[in-house]
Amino acid sequence: MEQTPIQTQICPRFEKAMSILSKRWAGLIIFQLLSGPQRFCAIESALPNISGRLLSERLKDLEHEGIVRRDVYPETPVRIEYSLTDKGKALHNIFAELAAWSQEWIPPVDEAAEDEEAIDASGESC
């Protein structure tokens with residue numbers, strides 16, 4: 001007797017979650033904010049390969065999704081901090097598991113070789 005393959009459908013909620021988290025830089029921004037509220041320049045410094053324009057766009061996307069909160073403090077000069085909402089903080093265990101998985105299964109990255117590959121692929125340095 002031949003078994004028919006089981007067709008599995010991806011849950012629309014899961015698909016939406018993956019869509020949010022798989023946008024370039026979104027996961028790393030969330031991971032960076034897991035340590036607490038940060039100003040734009042601190043996030044940008046922690047993720048040196050992201051442009052300011054793209055960081056701003058991703059923060060707006062994550063704010064729109066209810067994952068990141070943008071707090072404006074009326075000081076001189078104005079201070080803006082980004083932090084995770086409860087919805088964003090709920091991703092902590094997922095990122096902790098992903099970090100553990102990467103330690104076990106992803107070989108160490110040689111940053112010098114990675115930089116050379118980036119130069120070779122684009123014709124310019126990062």
Side-chain angles (χ1 to χ4, degrees):
M1 198 184 270
E2 196 173 304
Q3 283 188 324
T4 54
I6 298 174
Q7 297 245 333
T8 58
Q9 297 231 335
I10 295 176
C11 169
R13 287 179 173 183
F14 181 79
E15 185 176 358
K16 175 70 175 173
M18 289 301 294
S19 171
I20 294 167
L21 296 177
S22 67
K23 279 189 177 177
R24 190 163 191 216
W25 298 102
L28 293 174
I29 292 167
I30 294 167
F31 185 77
Q32 181 64 28
L33 289 173
L34 283 170
S35 62
Q38 296 179 35
R39 295 177 74 169
F40 186 92
C41 59
I43 301 167
E44 192 174 32
S45 294
L47 305 172
N49 293 328
I50 189 172
S51 70
R53 182 193 60 78
L54 187 55
L55 176 57
S56 178
E57 184 180 315
R58 284 298 170 265
L59 285 166
K60 286 177 186 173
D61 291 344
L62 293 168
E63 185 179 4
H64 176 75
E65 294 295 341
I67 295 171
V68 167
R69 177 177 48 248
R70 180 179 185 265
D71 293 313
V72 179
Y73 298 94
E75 302 170 350
T76 304
V78 173
R79 180 171 50 106
I80 300 171
E81 285 187 347
Y82 295 91
S83 59
L84 295 176
T85 62
D86 288 341
K87 183 178 181 179
K89 291 175 187 174
L91 293 165
H92 179 269
N93 290 341
I94 292 167
F95 280 90
E97 287 296 319
L98 186 57
W101 176 85
S102 70
Q103 289 298 310
E104 183 172 346
W105 294 100
I106 304 297
V109 176
D110 179 3
E111 289 182 23
E114 191 176 69
D115 287 344
E116 286 176 24
E117 288 174 16
I119 291 169
D120 292 344
S122 69
E124 52 189 64
S125 76
C126 297

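Every value quoted in this text rests on a predicted model; they were computed, and no experiment measured them. Residue indices begin at 1 and follow the sequence shown.
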Worksheet item: Could you go step by step and tell me if Phe40 and Ile80 meet the side chain to side chain contact (heavy atoms under 4.5 Å, CB included) rule?
Response: CA-CA 7 Å; Phe40 186 92; Ile80 300 171; over 6 Å; no

Worksheet item: With side chains defined as the heavy atoms from C-beta onward, is the minimum distance between Val68 and Leu84 less than 4.5 Å?
Response: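 Yes - at least one pair of side-chain heavy atoms lies under 4.5 Å apart.
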
Worksheet item: Is there a donor-acceptor contact under 3.5 Å from the side chain of Glu44 to the main chain of Leu55?
Response: no

Worksheet entry | Ser56 (side chain) donor-acceptor with Gly52 (main chain) under 3.5 angstrom |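 It does not hold such a pair.
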
If I compare all heavy atoms of [X] with all of [Y], which pair ends up nearest, and what's the gap?
| X | Y | answer |
| --- | --- | --- |
| Arg39 | Glu81 | CG-CG, 3.9 Å |
| Glu63 | Arg70 | OE2-CB, 3.6 Å |
| Ile43 | Tyr82 | CD1-CB, 4.1 Å |
| Phe95 | Ile30 | CE1-CG2, 3.7 Å |
| Leu62 | Ala26 | CD1-O, 4.1 Å |
| Ile20 | Glu65 | CD1-OE1, 3.4 Å |

Applying a strict under-4.5 Å side-chain criterion to I, L, V, M, F, W and Y, I'd like to know whether [X] and [Y] cluster together.
| X | Y | answer |
| --- | --- | --- |
| Leu91 | Met18 | no |
| Leu98 | Ile67 | no |
| Leu59 | Val72 | yes |

Count the heavy atoms of every other residue, nucleotide or ligand shown that sit under 6.0 Å from [atom1] of [X], and state whether that count exceeds 12.
| X | atom1 | value |
| --- | --- | --- |
| Phe31 | CZ | no |
| Glu75 | CD | yes |
| Ile106 | CD1 | yes |

Worksheet item: From Trp25 CH2 over to Leu47 CG, what is the distance, rounded to the nearest 0.5 angstrom?
Response: 6.0 Å

Worksheet item: With Arg53, which residues qualify under side-chain contact (heavy atoms from CB on, under 4.5 Å), at least two apart?
Response: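 For Arg53 the side-chain contact (heavy atoms from CB on, under 4.5 Å) partners, ignoring immediate neighbours, are Ser51, Glu57.
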
